[in-house]
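Inspection log for the structure reproduced underneath, given as structure tokens.
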Amino acid sequence: MSTASAENPILQSLNAAQRRAVTSNASTVAILAGPGSGKTHTLTSRVVWLVQQTGYQPSDIVVATFTVKAAREMKERIGKVLGPESEKKIVLGTFHSIARRYLSAYGKHIGLDSKFGIADDGDSRAIIQRICKRHDFNIDPGYARSWISKKKAKGHVTDAPSNKKQPENPSLNECYREYQEHLERSNLLDYDDLLVRCVELLRTYPACVSNIQAVLIDEYQDTNGIQYDLMKLFGQARQRITIVGDPDQSIYGWRSAEIRNLYRLLRDFPQTEEISLEENYRSSRSILDVSLTVIQQDKKRYQKVLLPVHTKGTRPVLRKLRSSAAEGDWIVSEIKRAVTMFGEMLKYEDVAILLRSASLSRHIESALGKAGLAYRMIGGHKFYERKEIKVLLDYLRVVNQPDNNDSVARIINVPRRGIGDTTVKRLIEEAEQQKMSLWSLLRKHCQGSRKATTKILPKMEQKLNAELIRMVLNLQSHAQQITENSHQTLINFIEKLLSQLDFKQYLESEYPEDHEQRWQNVQEFLSLANDFVRDSANADEELLPEIEDVDQAKDDSTLGRFLANIALASDAQKNDEGAEKKSVITISTIHAAKGLEWPIVFIPAVYAGSIPHSRAEDLDEERRLLYVAMTRAQVLLYLSCPLYGSQGMSGKVELSPFVAPFESTAFAKQGTSFNRPILEAAAKILGRDLLSEKAIFDKIPPMFSMEDNLFPIDPIDARDPEGLGDSQGYRSKGSKRQRVNNQGYGSDEELAEERQWKKEYSTTMEQASSFTMASLPGFVSAGTHQNTLSAAAAEEEKAAAAKKAIKMGTTRRKADQSSLLGFVTTTSSNKPAAPMTGFKGPDMSLARYQLAASRSAARLATEAKAPELPKLPAVDPLLAKHKLVSGNALNRPSVIKQEAEDGSSKKRYHCFSSSPPRPTDDDAKAIKQEQVTPTEPTPVPDRPATSFHRTTFVSATARGGVRRPVGLGPPPGIDRVRRPFKPLTIMRPAKQ
DNA sequence: ATCAAAGCCCTTTTT
DNA sequence: GGGCTTTGAT
């Protein structure tokens, strides 16, 4: 076996530690792995290994992940190696979706109606709110909700001597009870219930998991108590469990994730083999170093080794801007600068902007909108939460489950039927008082069999209700005919709903402003439904394996599964196969970015109150959050911070305490100069090809500012020390630029676009790109030069000491030492971790570069006469003309790279990368289209659903870039109470 | 008394 | 966008 395994192609893409993890024969394996160490790759490979080498049936393996995205990705990766048949059979998904599958198949064993629906957040909140109001409980409904959730998520914790403390408001318990009762009456499970009930199922009826050979858990540090129980129960037959996690990336404590679960695992399974993955293949060394200095401020964390395999790269930047608006503009300018200066090596899709909270996106979105750059938003407001979509969903839910009071309540008056809020509220109260559903109350009332005590104005209402009721009944009978074998019916069904509601017209009258956009969203919804039908038809992923003597229910309706799928998918995900990939910038919350990577990462709003968030309870978790965000970056990392709130917000913004101590030592004050060595280093890290200097240079537009010099480095200036002056102060007004001929940009069309782009450029960056020395290509202002030089000198000085300090900051131990105890260092090295060493100053190639640049500038200057151009939406000519040099879109580090050259098969294991998809061939058209008309409709049937947020995008541009002048300035007070730390010292329990 | 629209506040993170 | 209150219309 060992010889066979040595040749196994799976293993070739693994380093020693990863290989040990993949091939371990131990029944319980705990893999501890820092960011970028190939966690998911390792877990995926282990699944493959278990199937191919150990001979487990795919259907006997359970893989649980934390997010939908991670599940999807892992599925894809496994499918690539094992083939679609096995991919389908493996029970793989988020904890919640797996639990849902088991409950719908076996729920009857615990007395659960298998047609249960899922109560989403809004439902839960509405129910609890009503309960609180009804009883005049003196509780904040939000608090009650999270209290209940926490209670459920805890699971069967046996370690704590759980003293029956009841210091809480007793009404909480009452609220809990009633809430639960209500859910039950409506046959709903909330998110936590899915897990709770599944635990109950697996406990009372272990037979349904008697086939399970192996259980694998991703992102283990984010599991909570109930998920731990679930994990054990899934594995109860053979107790073969593999977990992968990183305590430093635990960012879901607020959702009751317990780092302690790691400890629990070791206690419950003393034979666990521990393996740590220590090489980081993702990021440049300086990014890693800075990230470590941040995370090492937490003296109580598990210390662990993280070895960079890449070169130093460029120093991360911490940039201060005057306002958040300036911050957005600066980000745009840096994105353009990087994309341009890297030639064609980096594209917009290589850029991510990561935010602590989704609401911070406003300024970013408007800056991008102003610049005409397309983006997509992950996290934050969701597609399914848009009003027009939510209404449709509620209709579907009512058809599927008429007893869902909340859904009924939301649709009663939605095409206006003259029934106001107060009436609806009364009706729902009456129904709940009578312990009957709102729906049956309405039906009875309309049939006249039982008069509602709430008065409903006789004529209008009764008639309209009959209309509503008849429609729903009609749809219900239609819904029953929806089956798997006829693809179209779900679509037809929704279309029928749309026409019966006269939905298009409804939107037109209700939203005269943006009904087109909303109708567009409806079309997208249809296309999502289409995707769902297609996917579930050819991959019956829902089906659990048949187990002898165990029967499962299969009466799951298509509609029901569709709705469940939506409830469990945090957002509409694009599901395009082979469709043109779009080169767009990604904006994401940090939480949603976990597990992903991008060559360029921006982290705006790094101020106290944003991160750490002013309402955060656990400061360490906030720090870990920043760490997670920083470690997403591969080559360029930018943090930034606005110094003033945009609306006379009192006071200055404080830089986040997580970075303030190293502000000057660890970070560069402004974006790097992209000289040749820097570009080459980046190319090496990414494993991509770099254009020649000349090729890059030839494409740099005239007047392009090659340095990060369009915004003051220190935005506090003497004239306006408070920064309260004009919000546009960073721009010089009305400086007219001279224009330059467009040389060689092909067709007229492209020419036009090029102009637009140029024009746009001048709006964003007018200040310094007017004719000043500083901005002329080829000239470096004295100040800049001075900065570079002195920085370089300082670096040099520090370098030696830094090196040493880094060495000491990490625990010394052999790379393949496996004990978890290795993570517990005895002490915290008291000195703030090592200062970073950045790139060493200017060198010959920079000089050459600059010489070339200045020559060209001179040439251009003589040609410069063209008049100012009209203002139009922008497109980047580089992108429009884009051609990828080679097909090398794979960007795994060189370590893994060699063996894939066998060329025989397209299955290259090293493409197990979590970076966003990247077009592999020239796709200029698609890109262009995306840039120019991001909102352009495409015919429904073919168009893959995307999560591109059209509405947001459009509103950002349509109103001249600013949606609302809301400042993202600092929230008022930052009064955080330090919560007691979790006992982080991990000690292996003494073996009995 | 009820409904509807308009103006005001606030907005952590996600299954 | 949602929740809240105020104001005007029915």
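We name chains A, B, ... by the order of the sequence lines, and we start the count at 1 in each one. FYI, side chains are in, hydrogens and waters are out, and symmetry mates aren't considered; it's all heavy atoms of this structure.
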Quiz item: Between A:K425 and A:K387, which is nearer to the 5' end of DNA chain C once each is assigned its nearest nucleotide?
Solution: A:K387
Self-check item: Closest to the A:T422 side chain, choosing from B:dT13, B:dC3, C:dG1
Solution: B:dC3
Practice problem: Could you tell me the separation between the CD atom of A:E385 and the C1' atom of B:dT14, rounded to a whole number of Å? | Solution: 11 Å
Exercise. Tell me whether the OP1 or OP2 atom of B:dT15 has a side-chain N or O from A:R100 closer than 4.0 Å.
Key: no
Quiz item: For DNA chain B, whose closest nucleotide is more 5', that of A:N413 or that of A:D121?
Solution: A:N413
Exercise. Look at A:T423 and B:dC3 and indicate whether a side-chain polar atom (N or O) is within less than 4.0 Å of OP1 or OP2.
Key: yes
Quiz item: Can A:F66 be called stacked on B:dT15 when the rule is centres closer than 5.5 Å and an angle between planes below 30°?
Solution: no
Quiz item: For the salt bridge (charged side-chain N to carboxylate O under 4.0 Å, His left out) test, which of A:D246, A:D248, A:D620 pairs with A:R301?
Solution: A:D248
Quiz item: Between B:dT15 atom C1' and A:I98 atom CD1, what is the distance in whole Å?
Solution: 13 Å
Self-check item: Residue A:T94, side-chain heavy atoms: nucleotide from B:dT13, B:dT15, C:dG1 that is nearest
Solution: B:dT15
Quiz prompt | Parallel, tilted or perpendicular, as decided by the 30° and 60° cut-offs, for the rings of A:F525 and A:F562 | solution = tilted
Quiz item: Reckon A:D192 touches a base, only the sugar-phosphate, or nothing at all at heavy-atom distances under 4.0 Å?
Solution: nothing
Quiz item: C:dG1 C1' sits how many Å from A:E365 CD, rounded?
Solution: 13 Å
Self-check item: Between C:dG1 (P) and A:Y511 (OH): distance, integer Å
Solution: 6 Å
Exercise. Select from A:V424 and A:E622 the residue whose nearest nucleotide in DNA chain B is closer to the 5' end of that strand.
Key: A:V424
Exercise. From the options B:dT14, C:dG1, B:dT11, select the nucleotide whose nearest atom is closest to the side chain of A:R615.
Key: B:dT11
Self-check item: Who pairs with B:dT13 - Watson-Crick or G-U, where each distance is under 3.5 Å
Solution: none
Quiz item: Base, sugar-phosphate, or nothing for A:Y252, non-hydrogen atoms under 4.0 angstrom?
Solution: sugar-phosphate
Exercise. Send over the distance from A:L596 CG to B:dT14 P, rounded to a whole Å.
Key: 13 Å
Exercise. Give the rounded distance in Å between these two atoms: CD1 of A:I118 and P of B:dT14.
Key: 19 Å
Quiz prompt | Under-4.0 Å side-chain N/O to phosphate OP1/OP2 contact, A:R518 with C:dG1 | solution = yes
Practice problem: Provide, to the nearest angstrom, the distance between the CZ atom belonging to A:R125 and the P atom belonging to B:dT14. | Solution: 14 Å
Exercise. Evaluate side-chain contact (heavy atoms from CB on, under 4.5 Å) for A:L568 paired with A:I118, printing each intermediate quantity in order.
Key: CA-CA 8 Å; A:L568 294 180; A:I118 295 170; 4.0 Å; yes
Quiz item: A:R255 side chain: which of B:dT2, C:dG1, B:dT15 is closest?
Solution: B:dT15
Practice problem: Verify the ring-centre separation between A:Y506 and A:H515: is it less than 6.0 angstrom? | Solution: no
Quiz item: Is a donor on one side and an acceptor on the other found under 3.5 Å between the side chain of A:E597 and the backbone of A:A633?
Solution: no
Quiz item: From the list B:dT11, C:dG1, B:dT14, which nucleotide is the closest neighbour of the side chain of A:H591?
Solution: B:dT14
Practice problem: Decide if the gap between the ring center of A:Y627 and the ring center of A:F658 is smaller than 6.0 angstrom. | Solution: no
Self-check item: Rounded interatomic separation in angstrom, taking CG from A:D120 and C1' from B:dT14
Solution: 12 Å
